[in-house]
Amino acid sequence: MSNAEHPHPMNIAHEHDDASQVPPITELSEQESWELLKQARFARLATRDGDEIDITPLNIVTDGEKIFFRSAKSTKVLHLQLNPNVTVEIDRAAGSQAHSVVVRGTAEMITDTDRIAYVEELGLRPWLETEKIEFVEITPTRITGRAFRLGH
């Protein structure tokens, strides 16, 4: 193809200028991280049992200040009672962008019936029809988020 047929000569360096102006990794503000958390319904919970770290999938909901989930009476609940320090992670990829948010915090069993009703009103529902009688809230102590520009 001649320049007459292609009015703009190929400039490989110029074609990539737009993408290269956006850094591959961007730190998100705490507010941006909360916005992603509010949209999330699926997360991973990391708990510690002695020297072992367990990672468990969760369905979550948040009110913008705390994260909530339900659980059956299980090893996970026992781990939370023995060591309430947890990490919750969400991620999402769409098109050429991905996001990851990590929340470090402390977990506490919810026993107050008014608080349980409040969490239920937020729309927290288990995915599986199993008995999920324990309600847990996580109070964040640190939130970090990142946006990633995915390569083509």
Side-chain angles (χ1 to χ4, degrees), residues 13-152:
H14 179 71
E15 286 181 9
H16 296 290
D17 281 351
D18 291 342
S20 64
Q21 289 176 3
V22 177
I25 301 173
T26 305
E27 297 291 326
L28 300 176
S29 69
E30 189 168 319
Q31 181 179 347
E32 291 169 319
S33 296
W34 272 115
E35 288 305 315
L36 291 169
L37 285 164
K38 287 177 188 174
Q39 296 169 27
R41 290 295 172 259
F42 178 77
R44 289 166 198 82
L45 174 74
T47 57
R48 179 180 288 278
D49 178 24
D51 292 339
E52 298 274 326
I53 295 176
D54 287 327
I55 297 177
T56 310
L58 299 174
N59 59 313
I60 63 166
V61 70
T62 180
D63 63 359
E65 294 180 14
K66 297 188 183 220
I67 296 170
F68 305 94
F69 68 92
R70 290 173 66 175
S71 177
K73 284 191 179 292
S74 64
T75 307
K76 173 175 49 184
V77 169
L78 179 61
H79 290 175
L80 294 175
Q81 291 170 332
L82 294 174
N83 185 349
N85 298 311
V86 297
T87 300
V88 174
E89 188 268 343
I90 64 159
D91 52 45
R92 183 176 79 187
S96 63
Q97 286 255 319
H99 299 90
S100 175
V101 176
V102 175
V103 179
R104 289 167 182 81
T106 54
E108 183 178 348
M109 308 308 292
I110 303 172
T111 56
D112 179 74
T113 54
D114 289 340
R115 189 73 173 154
I116 289 171
Y118 169 75
V119 174
E120 286 179 325
E121 287 174 18
L122 292 173
L124 181 59
R125 303 284 181 268
W127 284 354
L128 301 175
E129 292 301 322
T130 57
E131 193 174 16
K132 306 266 185 176
I133 57 173
E134 302 291 343
F135 284 74
V136 181
E137 79 178 21
I138 297 171
T139 303
T141 55
R142 185 170 165 225
I143 300 172
T144 56
R146 291 184 174 161
F148 303 92
R149 178 177 45 85
L150 304 177
H152 296 325

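Residue numbers start at 1 and run along the sequence shown.
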Task: Minimum heavy-atom distance between Ile53 and Arg48, given as atom pair plus value - done: CD1-NH2, 3.8 Å
- [ ] Could you tell me whether the side chain of Glu120 reaches within less than 4.5 Å of the side chain of Phe135, counting heavy atoms only?
- [x] yes
Task: Nearest atoms (heavy-atom pairs only) where Ala107 meets Leu80 - done: CB-CD2, 3.7 Å
Task: Gap separating the NZ atom of Lys38 from the CG atom of Leu122, nearest 0.5 angstrom - done: 11.5 Å
Task: Trace of the side chain to side chain contact (heavy atoms under 4.5 Å, CB included) decision for Phe68 with Ile110 - done: CA-CA 9 Å; Phe68 305 94; Ile110 303 172; 3.9 Å; yes
TODO: Would you sort out whether Ile60 and Ile90 count as a side chain to side chain contact (heavy atoms under 4.5 Å, CB included), showing the intermediate values?
DONE: CA-CA 10 Å; Ile60 63 166; Ile90 64 159; 4.1 Å; yes
Open item on the list: To the nearest 0.5 Å, what is the distance between CG on Asp54 and CZ on Arg44?
Closed with: 15.0 Å
Task: Separation of Arg70 CZ from Leu58 CG (nearest 0.5 Å) - done: 13.0 Å
- [ ] Measure the CG-CZ distance between Asn85 and Arg104 for me, rounded to the nearest 0.5 Å.
- [x] 11.5 Å
TODO: Show the numbers, then the answer: is there a side chain to side chain contact (heavy atoms under 4.5 Å, CB included) between Val103 and Arg142?
DONE: CA-CA 6 Å; Val103 179; Arg142 185 170 165 225; over 6 Å; no
Open item on the list: Testing the basics here: between Ala147 and His99, what is the closest heavy-atom pair and its distance to 0.1 Å?
Closed with: CB-CD2, 3.8 Å
- [ ] For Arg146, look at atom CZ and say whether over 12 heavy atoms of other residues, nucleotides or ligands are found less than 6.0 Å away.
- [x] no
TODO: Verify the distance criterion only: is there a donor paired with an acceptor across the side chains of Lys66 and Thr139 at less than 3.5 Å?
DONE: yes
Open item on the list: Within the structure provided, determine whether Asp112 and Tyr118 are in side-chain contact (heavy-atom separation under 4.5 Å).
Closed with: no
TODO: Report the distance from atom CD of Glu89 to atom CZ of Phe42, rounding to the nearest 0.5 Å.
DONE: 9.0 Å
Task: Nearest heavy-atom neighbours spanning Ser100 and Phe148 - done: CB-CE1, 3.9 Å
Open item on the list: Once rounded to the nearest 0.5 Å, what's the spacing between atom CD1 of Ile116 and atom CD1 of Ile133?
Closed with: 10.0 Å
Open item on the list: For Ser29, is there any backbone N or O sitting under 3.5 Å from a side-chain donor or acceptor partner on Glu32?
Closed with: yes
Task: Student check: side-chain heavy atoms of Pro84 and Glu108 closer than 4.5 Å - done: no
Open item on the list: Within the structure provided, determine whether Leu45 and Ile138 are in side-chain contact (heavy-atom separation under 4.5 Å).
Closed with: yes
TODO: Indicate the atoms forming the closest heavy-atom contact of Leu36 with Val101, along with that distance.
DONE: CD1-CG2, 3.9 Å
Task: Contact summary for Glu65 and Asp63, nearest pair of heavy atoms - done: N-OD1, 2.9 Å
Task: CA sep, side-chain torsions, deciding dist, call: Ile143, Val102, side chain to side chain contact (heavy atoms under 4.5 Å, CB included) - done: CA-CA 6 Å; Ile143 300 172; Val102 175; over 6 Å; no
